[in-house]
Amino acid sequence: MTQEFYPFKEIETKWHKRWEEMGLFKMDQNSSKKKYYCLMMFPYPSAALHVGHGRNYIIGDSVTRYKIMRGYNVLSPMGFDAFGLPAENAAIKNKIHPEISTLNNIKTMRRQFDSWGAGYDWDREVVSCLPEYYKWTQWIFLQLYKKGLAYKKKASVNWCPSCQTVLANEQVIDGECERCSSQVILRDLEQWFFKITEYSQRLLDDLGLLRDWPEHVKLMQKNWIGRSEGVEIDFKVKDSNITLICFTTRVDTIYGVTYMVISNEHPAISELIKDEPNKKEIEKFIGETRKENAADRVGADIEKKGISTGRFVINPMNGKAVPLWIGNYVVTEYGTGAVMAVPGHDQRDFEFAKKYGLAIEVVIDNPKEHLDAGNMKEAYIEEGIMVNSEKFNGLPSLGAIEKIADFMEENRIGKREVHYKLRDWLISRQRYWGAPIPMIYCDKCGMQPVDEKDLPVLLPKDVLFKLHGESPLKDAPEFVNTKCPKCGGNARREIDTMDTFVDSSWYFLRYLSPKDDKRPFDKELVNKWLPIDQYIGGVEHAILHLLYSRFIIKVLYDMGYIGFKEPFAKLFTQGMITKNGIKMSKSKGNVISSDDLIKKYGADTVRLYTLFISPPEKDAEWSDRGVEGAWRFLNRVWRLVKQKFGSSSIDPLSNHLSTSLEAEKPEEDVRLKSLRQKTHSTIKKVTEDMEGAFHFNTAISSIMELVNKIYDSTNDELLATSDELKEAIQTVVILLAPFVPHIAEEMWEKLGNKESVFKAEWPCYNKDALMQDTVELPVQINGKLRSKIEAPSNAGEDEIKKLVLEDPVINKWIGGKPPKKIIIVKGKLINLVI
RNA sequence: GGGCGAGUGGUGGAAUGGCAUACACGAUGGACUUAAAAUCCAUUGAUCGCAAGGUCGUGAGGGUUCGACUCCCUCCUCGCCCACCA
């Protein structure tokens, strides 16, 4: 046996060059082939990539190459989500300008993509931190501003007092700053928002169009949008002309209201308590609980607290006056910030009522077990029968919801409303490394948008990176000082920059015309190429990035700039790669460097193992041993090709597989048939896996089976020289090409082919070739496997039944008695019921 | 607290009503070798048996079915997302 390992270094260098020369990944604008837009989420440029990152690009590249082989005109571009906090933080710490470190990282990443063999149309590269790109991000902002979808208001934001900066939600871990672990507080600041809430219903409805998205991702978006139907009810405040509106999904519990709670930030508070003797105490309570809101926001479990306002509100259904409280458990931003409290039928109200000795009443009785308000351990939140509810008594509570809502609307004490959990998208950041928001403040004319022809608003390079709670742009006078676009007088620029999610919400449009300096995107091309046929990325973007992109696309659609409503037709979310059960990260010290591995085993081994490790949508644990297995397999295939064809000149097989069925040989050997059958069932399996759920792991294992079969066959004289064997080897090479492109190309060449394997036609399986002369049928008795029989594959049911009943082993089992029933399943399995 | 997903050999996993454990890793034995590595061959769920073969076995318990890893109900464990949303 030869000791030679396949020379991956040579092969990789050779074919990278060849692919470059032949423009394998260049999309052909004039091609008549069917288009296929395959897109990987563009990455944030970070220095060292590990095998976990690699998985994303290896999956995407395998799909791209497969589609090229299937004859599509494939667009597979790549770019970089290059603005963002890490680069700016590094600038403060290491005194490197974010632009320098970012562009350096991009260079490293391009090299790494190359080393994986991941091919892209690099002429279309998009880098979001370059003015050629962010000019158009600013343009998008202006379109939203024009449409009234971008607005400024005061909002509470996460603030780290020690770093002196605003933090993104993702940077707040359990109420603490991710970097310095100090307690995050909320601060009220003027912020820019996009009015995504105006699109809540459409974002929800159009999830129905996304038939090729994973169900769980759609569900996450649905829950995030959080639609709920209910009724807004007017409660008059006693002895005043104030009316408080509260929202409820459970109007059936209206007669059980024993108090009302409003949020500690409710706008009516100052008016409500202005004459209250307790005013000082209430204000103190509000101050204290507002501080806690920050911790509350990040999910900490906070004790319910409240204070009475001394006021009463009137229940419009029965005229009863109930006390009005301020509580820390009412979410200001949701509904109306006021809640009708029904302690009998809401667990939160129940806990609050118990704590403060407020009344508990039962208005919905449990049909199984009579409820007693004095003895309840928890609220009864299920459906039931209405009691203590005047004319609605005796109705089932579910039906009563509609009846009471009708009644309220007729009597104008309430109206049906739909509320959403979705909040407007806060897009401004008090940070340097982002696209400047193109707005100008003039003392005379007020707030003015930058004229489109003056874009881009360039980010100044020479800025002092210091933390003082406001955008570093504030200290760049040449940036701040400008002229008013309306009156020409002195004015100031907006110093906040945009959230990087704005950059990434439209980049996939730019790939079609990345160098166009007249328009953000080419309408005609974009309409031709989108929606994206396959989008691939991490599930961590299941909500934010995907929702924001869907929103921006809908806005552009409404403005007539594009002709499609959803950007991503098909979505695939891959799992992470773990080591020792946890996500790879530098700080955990469990990173497997992909550079080192590629140096040792070559790119194809790393690719094969990464794809083989588990189904790609699942998390997978990395194993160094497993990599060796992949390496061994590739060498096994390599030797096979070299031994058979590598020596000197051989007869190249035709490009099309010799299904060799036309000439029905009368006495064909079963061994030949069996080998051909295996070849074709492998083609079938791999093709189905690639067209369906991307189960690369089972596709690869079926190729391994075929390789094992070929090895067995080489010991058989008849098979060793047969066309069937050549066909099998050729099939292995071509089926492996999307997964391990370099070695596949080299072997394809060794098989005598002049052209790249990616110009070859993907094999078709032949149904006749899948058939065998005889089949082995398992025989069950009462569902338990007992024996097997041989039967001709074209045997009818009666013939099979006869064979079964004549079989001596089966007769032994059934003791000669005829079975009650014989079930033959799809001609593949027999079950005798006795 | 709510929602979703998962639980199969020593390990990663395969099978979505029909032969449980494909494929691979690891392990054991053998061939080759002065030796090692590499390679090739064999065995590898548990258990009883000299063997033929039997019995048990997919987190636990129940159900539907001729037949259940797969469908239904109850429970346990783990993972992810959301989290005081009225």
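In this text, all values refer to a predicted model and were calculated from it rather than measured experimentally. Order of the sequence lines fixes the chain letters, A, B, ..., with proteins taken first and strands second; residue numbering starts at 1 for each chain.
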Quick one: list whatever passes salt bridge (charged side-chain N to carboxylate O under 4.0 Å, His left out) with K678(A), sequence neighbours left out.
-> E705(A)

Could you tell me whether R607(A) sits above the aromatic face of F739(A), with NZ or CZ closer than 6.0 angstrom to the six-membered ring centre and within 45 degrees of the axis?
-> no

Residue L829(A), side-chain heavy atoms: nucleotide from C19(B), G13(B), C23(B) that is nearest = C19(B)

Answer yes or no: does a side-chain N or O of R636(A) lie under 4.0 Å from OP1 or OP2 of C40(B)?
-> yes

Between R786(A) and G629(A), whichever has its closest RNA chain B nucleotide further toward 5' is G629(A)

Below 6.0 angstrom between ring centroids: does that apply to F350(A) and F352(A)?
-> no

Over all heavy atoms of both residues, which pair between A338(A) and I262(A) is shortest? Give the atoms and the distance, please.
-> CB-CG2, 3.6 Å

Take atom P in G79(B) and the same atom in U28(B), then report the distance between them in whole Å.
-> 34 Å

Answer yes if the side chains of H419(A) and E232(A) hold a donor-acceptor pair under 3.5 Å, and no otherwise.
-> yes

Please evaluate the base of C19(B) for a donor-acceptor partner in the side chain of K788(A) within a cut-off of under 3.5 Å?
-> yes

Which residues share a salt bridge (charged side-chain N to carboxylate O under 4.0 Å, His left out) with K618(A), sequence neighbours left out = none

Give none if U58(B) has no partner; otherwise give the nucleotide forming a Watson-Crick or G-U wobble pair with it, both distances under 3.5 Å.
-> none

Re C50(B): Watson-Crick or G-U wobble partner, both distances kept under 3.5 Å, found to be none

Taking OP1 and OP2 of A14(B), is either one under 4.0 Å from a side-chain nitrogen or oxygen of N697(A)?
-> yes

Would you indicate which nucleotide in A15(B), A86(B), G13(B) comes nearest to any side-chain atom of P615(A)?
-> G13(B)

Sidechain-backbone polar pair: K355(A) side chain, K304(A) backbone, donor-acceptor under 3.5 Å | yes

For the side chain of T698(A), counting heavy atoms from C-beta on, which of A14(B), C23(B), C25(B) is nearest?
-> A14(B)

Could you tell me which nucleotide pairs with C23(B) by Watson-Crick or G-U wobble geometry, both distances under 3.5 Å, or answer none if nothing does?
-> G12(B)

What integer number of Å spans the P atoms of G53(B) and U58(B)?
-> 24 Å

Keeping to residues at least two apart or across chains, list the side chain to side chain donor-acceptor pair (under 3.5 Å) pairs with something in residues 780-791 of chain A.
-> T774(A)-E790(A)

Partners passing side-chain contact (heavy atoms from CB on, under 4.5 Å) against V322(A) (at least two apart in sequence or in another chain) | V257(A), V313(A)

E402(A): partners by salt bridge (charged side-chain N to carboxylate O under 4.0 Å, His left out), with sequence neighbours left out | R416(A)

What integer number of Å spans the P atoms of A22(B) and A15(B)?
-> 13 Å

Nearest-angstrom distance from the residue atom CD of E705(A) to C1' of A22(B) = 6 Å

Look at the side chain of M704(A) and decide which nucleotide, out of C84(B), C19(B), A24(B), has an atom nearest to it.
-> A24(B)

Just the atom pairs and distances: protein N or O near nucleotides 27-30 of chain B's N or O, under 3.5 Å.
none

Nucleotide opposite U64(B) in a Watson-Crick or G-U pair, distances under 3.5 Å | none

If you find the nucleotide of RNA chain B closest to K304(A) and the one closest to G626(A), which residue's nucleotide is nearer the 5' end?
-> G626(A)

May I have the distance from I700(A) (atom CD1) to A14(B) (atom P), rounded to whole angstrom?
-> 12 Å

Only residue of V732(A), L706(A), V707(A) satisfying side chain to side chain contact (heavy atoms under 4.5 Å, CB included) with T682(A) is L706(A)

Across all strands shown, which nucleotide pairs with U39(B) by Watson-Crick or G-U wobble geometry, both distances under 3.5 Å?
-> A31(B)

Looking at residues at least two apart in the chain, or sitting in another chain, which of them share a side-chain contact (heavy atoms from CB on, under 4.5 Å) with K421(A)?
-> Y334(A)

Expressed in whole Å, how much space separates the P atoms belonging to A60(B) and U65(B)?
-> 23 Å

Would you kindly give the CG-to-C1' distance between N223(A) and C4(B), to the nearest whole Å?
-> 9 Å

A24(B) P sits how many Å from H695(A) NE2, rounded?
-> 19 Å

Hits for side-chain contact (heavy atoms from CB on, under 4.5 Å) against K685(A), two or more places apart or cross-chain, chain-then-number order -> D689(A), T698(A), S702(A)

Does the side chain of Y334(A) get closer than 4.0 angstrom to OP1 or OP2 of A86(B) through an N or O atom?
-> yes

For S623(A), which contact category applies under a 4.0 Å heavy-atom criterion: base, sugar-phosphate, or nothing?
-> nothing

Sticking with atom C1', work out how far G49(B) lies from U16(B), rounded to a whole angstrom.
-> 37 Å

If you check every side-chain atom of K685(A), which of A86(B), C23(B), A15(B) has the closest atom?
-> A15(B)

Distance, rounded to the nearest Å, where L611(A) contributes CG and A14(B) contributes P = 14 Å

Could you list, one pair per line, each protein nitrogen or oxygen that sits under 3.5 Å from a nitrogen or oxygen of nucleotides 65-75 of chain B, together with the distance?
| from | atom 1 | to | atom 2 | distance (Å) |
| --- | --- | --- | --- | --- |
| C66(B) | O2 | N831(A) | ND2 | 2.0 |

Describe the nucleic acid contact of S228(A) in one word from base, sugar-phosphate, nothing, applying a heavy-atom distance below 4.0 Å.
-> sugar-phosphate

H50(A): ring-ring contact (aromatic ring centres under 6.0 Å, His included) partners, not counting sequence neighbours | H53(A)

Answer for the Watson-Crick or wobble partner of G5(B), both distances under 3.5 Å, is C78(B)

Whole-Å P distance, A37(B) and G26(B) | 13 Å

Between N or O atoms, less than 3.5 Å apart, protein on one side and nucleotides 9-12 of chain B on the other: list the pairs.
| from | atom 1 | to | atom 2 | distance (Å) |
| --- | --- | --- | --- | --- |
| G12(B) | O2' | I613(A) | O | 2.8 |

Of all residues at least two apart in sequence or in a different chain, which pass the salt bridge (charged side-chain N to carboxylate O under 4.0 Å, His left out) check with E378(A)?
-> none

Whole-Å distance between C25(B) P and D624(A) CG?
-> 14 Å

Determine the Euclidean distance between corresponding C1' atoms of C19(B) and C40(B); express it in Å to zero decimal places.
-> 30 Å

Distance, P atom - from G3(B) to U47(B), rounded to whole angstrom | 43 Å

Is G9(B) in the syn or the anti form, by the rule that syn lies within 90° of 0?
-> syn

Grab the CG-P distance between L219(A) and G2(B) for me, whole Å please.
-> 16 Å

Between atom CD1 in I543(A) and atom P in C82(B), what is the gap in whole Å?
-> 5 Å

If you look at every strand shown and take non-hydrogen atoms under 4.0 Å, does V342(A) touch a base, only sugar-phosphate, or nothing?
-> nothing

